[in-house]
2 protein chains.
Amino acid sequence: MSTNSEIVSRRNRPAKAPLSRDVIVSMALDILERDGAAGLSLRRVATALDTGAASLYVYLSNLDELHALMLDAALAAVKTTDVRALPWRARLKKLLASYLQVLCDRQGLAQLALSTIPCGPNTLRIWEQLLGLLKEGGVDGTKAAWGVDLLALYVTAIAAEQSIRQGDQALERVRNAMSGISAEEFPHLFAARTTLLSGEGEARGAWALDIIIEGIVSGASPKPAKRRR
Amino acid sequence: MSTNSEIVSRRNRPAKAPLSRDVIVSMALDILERDGAAGLSLRRVATALDTGAASLYVYLSNLDELHALMLDAALAAVKTTDVRALPWRARLKKLLASYLQVLCDRQGLAQLALSTIPCGPNTLRIWEQLLGLLKEGGVDGTKAAWGVDLLALYVTAIAAEQSIRQGDQALERVRNAMSGISAEEFPHLFAARTTLLSGEGEARGAWALDIIIEGIVSGASPKPAKRRR
DNA sequence: ACCTGAACACCGTTCAAGT
DNA sequence: ACCTGAACACCGTTCAAGT
């Protein structure tokens with residue numbers, strides 16, 4: 001509850017800002033933004049805070065925990081549109097679009113999200129919203145729980161894929177492999193090669209989200225039995 | 001085409017097996033299987049091959065390339081059921097189930113798949129199969145290309161999630177966070193907490209795949225226009 | 001052409017010692 | 001309680017030198 005960010009009322013600040021979880025996390029996010037996932041390390045965060053790496057272990061138990069804290073802190077930017085005027089489906093799409101946006105905006109954040117299961121306050125808030133929106137749409141129980149999991153997983157996955165697609169030399173390899181395929185050996189692949197390579201990340205992501213949402217709402221329930229009638 | 005695996009007909013083998021891309025990749029997969037993703041490194045692979053890390057750079061340009069080669073080599077185990085007797089949808093599900101199985105079976109492989117876009121022969125073969133099966137189901141063009149992408153992405157994501165869920169202390173954190181939530185602040189989350197935590201990975205994955213397949217087959221096309229009638 | 005040792009510039013984490 | 005320097009056990013990659 002108390003976020004430990006009490007004001008240091010000392011007149012003569014010790015020139016070095018006092019350490020805290022929050023300071024470490026936000027500095028780490030700054031570094032991630034500037035240098036990407038490859039440039040993030042405990043040592044660099046420590047150096048940027050003008051201290052040694054060992055000092056961070058007072059506030060963190062390890063690097064994984066820092067990752068989880070960073071992710072949750074970044075997810076504070078996800079907008080939970082409370083506009084009751086819009087129908088639930090539109091609000092659900094807006095929420096997921098914002099979620100995706102946040103993960104894509106900060107360089108390297110998507111990569112982080114893949115290797116961590118976040119469970120901080122912001123993550124919980126998003127999950128709660130998703131569950132509520134699905135319930136408004138008549139989905140609850142196991143279906144809603146699994147649906148939220150599926151939606152969150154997919155948003156993370158698509159963000160990560162797009163972050164890999166841009167930048168690295170990985171795409172160049174794919175392009176090479178695709179241009180080298182023969183029409184006889186891989187007829188379908190050959191025919192689809194242009195479409196497969198076309199980016200259009202945004203439209204693609206929206207299309208896929210629509211399909212998943214529609215499937216959760218109108219698709220079959222997970223457990224066939226379990227009816228109580 | 002020629003896989004460079006010519007037989008060394010020397011009578012006196014040099015006691016040290018000659019290096020080659022294949023030898024390096026299969027040793028790396030062995031190490032991944034035994035020690036997991038955290039235990040895999042170029043240096044360890046080199047040591048296991050009784051040489052120095054520098055020697056590997058004759059066959060690999062960097063670690064990323066090794067990852068891509070490992071992934072594609074592992075995907076050789078994906079079974080492409082050619083049984084024409086089964087309807088296309090059943091074959092599609094079997095193929096995806098096998099894909100998922102392979103990624104889940106080898107410890108750490110799923111993690112690998114997330115950070116690499118594979119484009120080796122086995123990957124191409126799977127893509128070709130997927131495209132063919134979707135076409136049998138009446139899906140082609142942009143919808144099929146994006147569909148294959150979505151299916152492959154999702155299989156990878158669910159495999160990775162399950163590999164994170166088991167083992168690490170991440171799950172323990174989630175469990176803690178979930179048990180600490182208040183029914184007033186997060187009513188939906190509180191009601192769903194048991195279902196959300198329940199593993200049941202297999203059933204969950206199958207359910208989600210069904211939804212995605214159904215959505216691709218019967219859902220809207222990506223580009224609204226482009227009809228030729 | 002292929003392999004090697006040594007070096008370079010990094011990592012995360014621990015621990016005794018300081019304040 | 002908090003911070004620190006130094007150490008430990010690792011990384012990927014490069015490069016001059018060997019065969």
Side-chain angles (χ1 to χ4, degrees), chain A residues 2 4-6 8 10 12-25 27-28 31-32 34-70 108 111-112 115-116 168-170, chain B residues 2 4-10 12-25 27-28 31-32 34-70 108 111-112 115-116 168-170:
Chain A
S2 64
N4 222 35
S5 50
E6 303 159 274
V8 181
R10 303 290 216 104
N12 52 340
R13 296 198 243 156
K16 202 194 286 188
L19 285 180
S20 75
R21 250 166 123 94
D22 290 336
V23 168
I24 294 170
V25 169
M27 179 60 86
I31 291 174
L32 184 71
R34 209 178 337 106
D35 304 332
L40 180 75
S41 75
L42 274 181
R43 287 180 115 104
R44 267 221 250 267
V45 174
T47 306
L49 291 169
D50 198 25
T51 183
S55 305
L56 306 186
Y57 282 82
V58 180
Y59 305 94
L60 309 166
S61 54
N62 53 41
L63 183 62
D64 267 357
E65 190 171 293
L66 176 61
H67 287 164
L69 291 170
M70 289 170 70
Q111 301 249 40
L112 237 174
S115 54
T116 318
D168 280 336
Q169 75 264 39
Chain B
S2 65
N4 221 35
S5 49
E6 302 158 277
I7 304 164
V8 181
S9 56
R10 302 290 216 103
N12 53 339
R13 297 198 243 154
K16 203 194 285 186
L19 285 181
S20 74
R21 250 167 123 95
D22 290 336
V23 168
I24 294 170
V25 169
M27 179 60 85
I31 291 175
L32 184 71
R34 208 176 341 105
D35 304 333
L40 181 74
S41 75
L42 275 181
R43 287 179 115 106
R44 268 222 250 266
V45 174
T47 305
L49 290 169
D50 198 25
T51 182
S55 305
L56 306 186
Y57 281 82
V58 179
Y59 306 94
L60 308 166
S61 55
N62 53 42
L63 183 63
D64 267 357
E65 191 172 292
L66 176 61
H67 287 164
L69 290 170
M70 288 170 71
Q111 301 248 41
L112 237 175
S115 54
T116 319
D168 279 337
Q169 75 264 41

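Below, each value reflects all heavy atoms present in this structure, side chains not excepted, and no hydrogens, waters or symmetry copies. Letters A, B, ... are given to chains in the order of the sequence lines, protein chains preceding strands, and every chain is numbered from 1.
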What's the closest nucleotide to the side chain of A:Ser41 if the choices are D:dC11, C:dC11, C:dT4? C:dC11

For atom CD1 of A:Ile24 and atom P of D:dC2, their distance in whole Å: 12 Å

What's the NE2-P distance between B:His67 and D:dC11, to the nearest Å? 12 Å

Side-chain N or O of A:Tyr59 less than 4.0 angstrom from OP1 or OP2 on D:dC3? yes

Just how far, in rounded Å, is C1' of C:dT13 from CG of A:Leu56? 11 Å

Atom-to-atom span, CG of A:Asp64 to P of C:dC11 - whole angstrom: 17 Å

Heavy atoms from C-beta onward define the side chain here; which of C:dC2, D:dG12, D:dC3 lies closest to that of A:Val58? D:dC3

Is B:Leu19 close to B:Val58 at the side-chain level, that is, under 4.5 Å between some pair of heavy atoms? no

With rounding to the closest Å, how many angstrom separate the C1' atoms on C:dA9 and D:dC10? 13 Å

Categorize B:Ser55 for me: base, sugar-phosphate, or nothing, with a 4.0 angstrom heavy-atom threshold over every strand shown. base

Does A:Ala53 or B:Arg43 map to a spot on DNA chain C nearer the 5' end, using the closest nucleotide for each? B:Arg43

Expressed in angstrom and rounded to an integer, what is the separation of A:Tyr57 atom OH from C:dT13 atom P? 3 Å

Locate the shortest heavy-atom distance separating B:Ala53 from B:Arg43; write the atom from each residue and the value. CB-CG, 3.9 Å

With a 4.5 Å limit on heavy-atom distance, are the side chains of B:Leu56 and B:Val45 in contact? yes

Need to verify one output field. Residue with the more 5' nearest nucleotide on DNA chain C, A:Gly39 or A:Ser61? A:Gly39

Heavy-atom pair of closest approach, residues B:Leu42 and B:Leu60: CD2-CD1, 4.1 Å

Compare all side-chain heavy atoms of A:Asn62 with those of A:Glu65 and state whether any distance is below 4.5 angstrom. yes

Here the distance between atom C1' of C:dC11 and atom CG of A:Leu40, to the nearest Å, is 12 Å

When both distances are under 3.5 Å in a Watson-Crick or G-U wobble arrangement, the nucleotide paired with C:dA1 is D:dT19

Side-chain contact check for B:Leu63: nearest option of D:dC3, C:dT13, D:dT13 is D:dT13

Round to a whole Å and report the spacing from CG of A:Asp35 to C1' of C:dC10. 14 Å

Per atom distances to the A:Ala54 side chain, the nearest of C:dT14, C:dC2, D:dT13 is C:dT14

Both distances under 3.5 Å, Watson-Crick or G-U wobble: report the partner of C:dT14, or none. D:dA6

Just the rounded figure in Å: distance from P of C:dC2 to CG of B:Asp50. 19 Å

